[in-house]
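Before any comments, here is the structure.
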Amino acid sequence: MSVENLLYQGLIGFTNAMYLWLVAAGLTIAFGVLKVLNFAHGSLYMLGAYVAFSLYGEMGLGFWFSLVLATLSIAALGLLLERTLFRPLYDLDITYGLILTFGLVLVFSDLARLVWGGVFRIPPTPTTLIGSFEVFGRGFSYYNAFVIAAGLIVGVALWLLLDRTWWGRTVRATASDREMAGALGIRVGWIYASVFALAAGVAALGGALSIPVRVVTPGLGTTIIIQAFIITVIGGLGSLRGAFLGAVIVGLANAYGILLFPDVELFLIYGIMALVLLLKPEGLLGERR
């Protein structure tokens, strides 16, 4: 196995990591502030993919416009879910949230079958991103390069939003002490709603970005959320940097597992998660509680 092949496979793994990162980022943001493990977060990723597919693949709207509209529509759905279903759960045990979100997974999966059917859906790649360029002696598609760039840009944007803005400081204060934040006049309810909407929008963006290269099926949400939970456990629950690191680890482990260890590729990421839990139960970049 040549060094060039190994490096090229790493690029493929990093591309896959960007899809996973966008899902894990939203999951991490929601848990870090709301303390709710949203098992239905993968369904928001799936719905983002389906909405983008309908807008771009069936209605013929522009790809970039479809990305924005799919992201905003699922963010609005997230806002509605938070205001109606999730808000009563904040003072209850975390298991109630898991039961509710598992039920939402079933509802959204059946809704996707009802609206879009059970067959695979995959629209064409946008014309501006068709083609490839040579990397390590092999062709690497422009779309994969775009996905890598988009994932990195979203990561920087989230860091700036949460660490360098008034809204981000307000979010951190609310997550640290909800009662004190409310006493200081912060509208805690709307902070929670905006955080949930942001998390849903980021997941939907990941789903919308996936449509030209990944088939969209009603079971997509369940598949992606399992990997997202593994990522957050590896990186540390509530840590955005940990989610990015975990996504890169899982993406590379999948890519190199397929290339080097195809017989145990599915076991590899679970083995990594188990090792992290044994050595650092709070995750690589998580805080010990």
Side-chain angles (χ1 to χ4, degrees), residues 21-42 44-45 71-72 74-98 100-101 104 151-206 225 228-229 231-247 280-289:
W21 146 245
L22 292 173
V23 183
L27 187 67
T28 298
I29 291 170
F31 179 79
V33 179
L34 280 63
K35 302 299 183 292
V36 172
L37 276 175
N38 183 10
F39 196 74
H41 196 72
L44 300 177
Y45 172 95
T71 300
L72 293 179
I74 302 305
L77 174 62
L79 179 64
L80 177 64
L81 290 174
E82 193 279 335
R83 299 286 289 178
T84 56
L85 296 180
F86 284 85
R87 183 156 295 189
L89 301 177
Y90 296 145
D91 295 322
L92 301 178
D93 188 81
I94 195 172
T95 54
Y96 289 93
L98 288 173
L100 170 66
T101 55
L104 287 176
L152 295 176
I153 290 170
V154 169
V156 172
L158 288 176
W159 172 71
L160 291 174
L161 179 64
L162 294 172
D163 281 24
R164 294 291 186 268
T165 66
W166 173 85
W167 182 82
R169 290 190 290 270
T170 305
V171 168
R172 296 200 307 274
T174 304
S176 177
D177 194 328
R178 182 177 63 176
E179 288 76 15
M180 181 59 71
L184 292 174
I186 295 175
R187 299 180 65 183
V188 174
W190 280 109
I191 290 293
Y192 276 20
S194 62
V195 167
F196 199 93
L198 174 64
V202 171
L205 176 61
I225 195 60
F229 270 121
I231 287 168
T232 55
V233 169
I234 291 174
L237 284 172
S239 171
L240 204 58
R241 292 181 301 161
F244 184 84
L245 177 60
K280 205 169 187 292
E282 67 275 16
L284 296 176
L285 298 180
E287 297 182 359
R288 184 177 292 277
R289 300 181 185 275

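Start at 1 with the first residue, then count along the sequence. Computed from a predicted model, the values in this text were never measured in an experiment.
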Would you say the side chain of Val33 lies within less than 4.5 Å of the side chain of Tyr192, judging by non-hydrogen atoms? yes
Return the OG1 to CD1 distance between Thr170 and Ile186, rounded to the nearest 0.5 Å. 5.0 Å
Hey, what do you get for CD1 (Ile74) to OG1 (Thr71), rounding to the nearest 0.5 Å? 8.5 Å
Just wondering, do Leu85 and Leu104 contact through their side chains at under 4.5 Å, heavy atoms? yes
What do the steps show when you test Thr165 against Leu160 for side chain to side chain contact (heavy atoms under 4.5 Å, CB included), and what is the final call? CA-CA 7 Å; Thr165 66; Leu160 291 174; 5.8 Å; no
Can any side-chain N or O of Thr101 pair as donor or acceptor with the backbone N or O of Asn38 at less than 3.5 Å? no
Taking the side chain as every heavy atom from C-beta outward, state whether Val156 and Leu152 have any atom pair closer than 4.5 Å. no
Work out which heavy atom in Ala200 is nearest to a heavy atom in Ala75; give both atom names and the distance. CB-CA, 4.2 Å
Given 3.5 Å as the limit, does a donor-acceptor pair link the side chain of Arg87 with the main chain of Gly189, or not? yes
Drop me the distance from Thr174's OG1 to Leu34's CG, to the nearest 0.5 angstrom. 10.0 Å
Closest heavy-atom pair, Ala175 versus Gly32, reported as atoms and distance to 0.1 Å, is CB-O, 3.7 Å
After noting the C-alpha distance and the side-chain angles of Val36 and Phe86, does the key distance pass the side chain to side chain contact (heavy atoms under 4.5 Å, CB included) rule? CA-CA 8 Å; Val36 172; Phe86 284 85; 3.8 Å; yes
Identify the heavy atoms of Ala24 and Ile231 that sit nearest to each other, and give their distance. CB-CG2, 3.6 Å
Are there over 12 heavy-atom neighbours, none belonging to Tyr96, within less than 6.0 Å of that residue's OH? no
Can you find a pair of side-chain heavy atoms, one from Arg178 and one from Asp91, that are under 4.5 Å apart? yes
Would you call Phe244 and Leu158 a side-chain contact if the rule is heavy atoms closer than 4.5 Å? no
Atom CG in Leu77, atom CG in Leu44: separation rounded to 0.5 Å? 6.0 Å
I'd like to check Leu37 versus Leu237 (side-chain heavy atoms, cut-off strictly below 4.5 Å). Are they in contact? yes
With sequence neighbours excluded, what pairs up with Ser176 under the side chain to side chain donor-acceptor pair (under 3.5 Å) test? none
If I compare all heavy atoms of Ala25 with all of Val202, which pair ends up nearest, and what's the gap? CB-CG1, 4.3 Å
Using a 6.0 Å distance limit plus a 45 degree cone around the ring axis, check whether Arg172 lies over the aromatic ring of Trp167. no
Between atom CH2 of Trp159 and atom CG of Leu240, what is the distance when rounded to the nearest 0.5 Å? 12.0 Å
Do the non-hydrogen side-chain atoms of Tyr90 and Val188 ever get within less than 4.5 Å of each other? no
Could you check whether any side-chain heavy atom of Phe196 comes within less than 4.5 Å of a side-chain heavy atom of Leu79, counting everything from C-beta outward? no
Looking only at non-hydrogen atoms, find the nearest pair between Pro88 and Thr84 and report the distance. CD-O, 4.2 Å
Scanning both residues in full, the closest heavy-atom pair of Thr28 with Ala243 reads OG1-CB, 3.5 Å
Is the CZ atom of Arg241 crowded by more than 12 outside heavy atoms at less than 6.0 Å? no
Calculate, to the nearest 0.5 Å, the distance between atoms CD1 and CG belonging to Ile29 and Leu198 respectively. 4.5 Å
Check whether any side-chain N or O of His41 sits under 3.5 Å from a backbone N or O of Ala203 as a donor-acceptor pair, and report yes or no. no
